[in-house]
Amino acid sequence: MYQKFTCLHITFLTNLNHNLQPLTMLAFVALTVFVQSVFGGNLVEVLQNDGETTLIALVKQAGLADALLSGEYTIFAPTNAAFSKLPQSVLDGLQRDTTALANILKYHVVKGSIHKADASNELQLETLAGTKIRFNIYNHNHVVTVEGSKITHFDLTASNGMVHVIDTVMMPPTGSIVDLVAGNSDLSTLLSKVQSAGLAGALQGDALTVFAPTNAAFNRLGSHVLDNLRRNPQLLKEILEYHVVPHTEYSAGLYNREYLRTLDTHHDVIRLGVSSTNGVVINHRSHVTQADISATNGVVHIIDHVLMMLVFVALAVFVQSVLGGNLVEVLQNDGETTLIALVKQAGLADALLSGEYTIFAPTNAAFSKLPQSVLDGLQRDTTALANILKYHVVKGSIHKADASNELQLETLAGTKIRFNIYNHNHVVTVEGSKITHFDLTASNGMVHVIDTVMMPPTGSIVDLVAGNSDLSTLLSKVQSAGLAGALQGDALTVFAPTNAAFNRLGSHVLDNLRRNPQLLKEILEYHVVPHTEYSAGLYNREYLRTLDTHHDVIRLGVSSTNGVVINHRSHVTQADISATNGVVHIIDHVLIPSRYLFSAILGKK
């Protein structure tokens, strides 16, 4: 019936198309939309009409298109954007292995027509892949998920079934929660403790959420706390049960300031903080580092700190503060696993135990901000790696209270690092890297945690400009104006215009600057601030006085959208390039003091 109607509809369209006037065409379009909404089409056509082109292509590649027309089915259809979230390597692998591809696609299909109204919380449905998928309904934000994937569009009706659109490709779980933990080498400590506490059976129950601490998370507890847990099986059992919630909580259902009751004896609660900045934080300390790992009986979220009931938190903090440990142990306890691994690779671990030092320790996230090519190069070149790591270490114990603005300290690499203190936002930086955690005391020194890996500068500000071909115009003008000596002074910030920035001035203005050395000198000095201003210290609507004759100010606009904008026009395109005597920020427009903006000497012939 549908095919006959479609043929009639096409014939009607062909005959009518020659005679339609604009108003008639509008009416006809409305009729077409109405017809499509009533008749829908088969499942493949409905997917095609909804624009799921990636899914359609993969269904055809897996040879499943005919199967989807041979019965009545419900498809949970990932959008094109959902497929684009998959790592390219995974997508390439599936396209090469049509059996695996077909299995994953079948995991998105169940028999019969399942409407939104049929769904209930924790309902499980058998898929064509032979494994089940789970519905969850979160009433507080009106979200329905299937295996944690949010359903964004319900009840697209086809002639042989139903389509629900989802925002993430679902991957079939590899087993139960216990199987999942057992298969992850980074959760081996958790597995051994679950087995020691006799909890493996309890974790085979259905509809569970487990917040799973990594090996590093357990190591942060310190040897004394771990020894206590080994000697007290009941305490261990309670703490492990405190990581289990007796219902399925995917990320889509978590919300800020939510309290979740756990399986421990007293049904204690864990407290969630959820934000776009920090993700999911539990009990103000533990971060979810990997979310929504589906198991056949629930979901696992991996976390970076062991969760403690309130009664044990004070004890754990007390134990850690008393025991401390040496510098390497303090780094290990704070979870800086990447730094520890690199220190060992560079052969510096013993050196850090041979005296008293202060380490400025980049977090794991700080190392992950480095381009992979840089990290790979350092791991191949242990001399370069050791030099960069030594650049993060100074002799003696330097406390937060010892820091002062523009203070410089000699590092083990033989070059200096500079403190800057920005009182307006209570930020302290070292070579522009923000210190996020101060004064972690070790038995042989001190650790301060920083958010960016520091790279030793290659020279002074003039050296840096001379070494950048995109700043060659600036270099020539600095030399013409006799300013190279002034730029060798200490604690300077230079906003450095590129060659393209100077070209934007136009030939007439450039000619005027060549003929008027004093004007050129003033404009160049207007790009220099006589103190060190890294990005962490800049703020919106800030005014910075410059080195030019009249000490004119530059005006900053700082936002998450546009970055740093100077005088409403010039953008910082590359920030925080450290030099031995300050910092350089590269900008895309030359800065002009306001008194010259409408001057004939600059703007008119």
Side-chain angles (χ1 to χ4, degrees), residues 406 418 457-535 538 542-557 564-605:
E406 304 292 2
R418 180 189 305 271
T458 54
S460 69
I461 289 171
V462 173
D463 296 329
L464 192 154
V465 171
N468 187 332
S469 60
D470 202 30
L471 301 177
S472 57
T473 305
L474 174 62
L475 178 65
S476 69
K477 296 198 178 303
V478 163
Q479 292 167 336
S480 299
L483 271 181
L487 292 184
Q488 298 290 0
D490 190 48
L492 301 177
T493 300
V494 173
F495 293 94
T498 60
N499 299 342
F502 278 102
N503 289 337
R504 287 192 181 94
L505 292 176
S507 57
H508 174 68
V509 176
L510 291 172
D511 287 342
N512 281 338
L513 292 177
R514 286 188 199 99
R515 289 193 295 266
N516 192 331
Q518 183 56 35
L519 174 64
L520 174 61
K521 180 173 180 288
E522 282 194 40
I523 285 177
L524 291 177
E525 287 174 334
Y526 185 59
H527 291 75
V528 184
V529 175
H531 44 85
T532 314
E533 289 282 346
Y534 282 93
S535 293
L538 304 179
E542 182 178 13
Y543 289 80
L544 295 174
R545 292 211 170 272
T546 66
L547 272 187
D548 82 299
T549 310
H550 299 278
H551 300 300
D552 288 292
V553 295
I554 57 176
R555 297 164 296 285
L556 303 185
V564 178
V565 182
I566 307 168
N567 292 357
H568 307 293
R569 179 172 174 78
S570 183
H571 293 76
V572 172
T573 58
Q574 189 177 352
D576 297 337
I577 308 172
S578 284
T580 53
N581 63 324
V583 63
V584 173
H585 306 286
I586 295 178
I587 57 176
D588 62 358
H589 285 77
V590 175
L591 306 176
I592 306 293
S594 57
R595 65 182 182 279
Y596 290 126
L597 284 177
F598 303 104
S599 166
I601 202 168
L602 276 184
K604 299 176 183 176
K605 295 183 181 179

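What you see is a predicted model, and the numbers here were worked out from it, not measured in a lab.
Counting only heavy atoms from C-beta outward, the side chains of S570 and D588 approach each other to under 4.5 Å. The side-chain heavy atoms of V528 and T493, taken from C-beta on, include no pair separated by under 4.5 Å.
A distance of 11.0 Å separates OG1 of T573 from NE2 of H589, quoted to the nearest 0.5 Å. Atom CG of L519 is separated from atom CD1 of I592 by 8.0 Å, given to the nearest 0.5 angstrom. Separation of atoms CG (L510) and CZ (R504) is listed at 12.5 Å; rounding is to 0.5 Å.
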Chi angles and distances behind the ring-ring contact (aromatic ring centres under 6.0 Å, His included) call for H585, F495: CA-CA 5 Å; H585 306 286; F495 293 94; 5.3 Å; yes

Evaluation steps, side-chain contact (heavy atoms from CB on, under 4.5 Å), between N499 and S472: CA-CA 7 Å; N499 299 342; S472 57; 3.2 Å; yes

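For the salt bridge (Lys or Arg N to Asp or Glu O under 4.0 Å) test, residues two or more places apart in sequence or in another chain that qualify with D548 are R595. Residues meeting the salt bridge (Lys or Arg N to Asp or Glu O under 4.0 Å) test with K477, sequence neighbours left out: none.
Y526 contributes a side-chain N or O that, together with a main-chain N or O of V553, makes up a donor-acceptor pair within less than 3.5 Å. Using a distance-only test at 3.5 Å, with no hydrogens or angles considered, no donor-acceptor pair links the side chain of Q479 to the main chain of A484. In this structure, N567 contributes its side chain and R555 its backbone to a donor-acceptor pair below 3.5 Å.
Of the residues T473, L505, N503, the one that meets the side-chain contact (heavy atoms from CB on, under 4.5 Å) test with V590 is L505.
Across all non-hydrogen atoms, the minimal contact from A575 to S535 is CB-OG, 3.4 Å.
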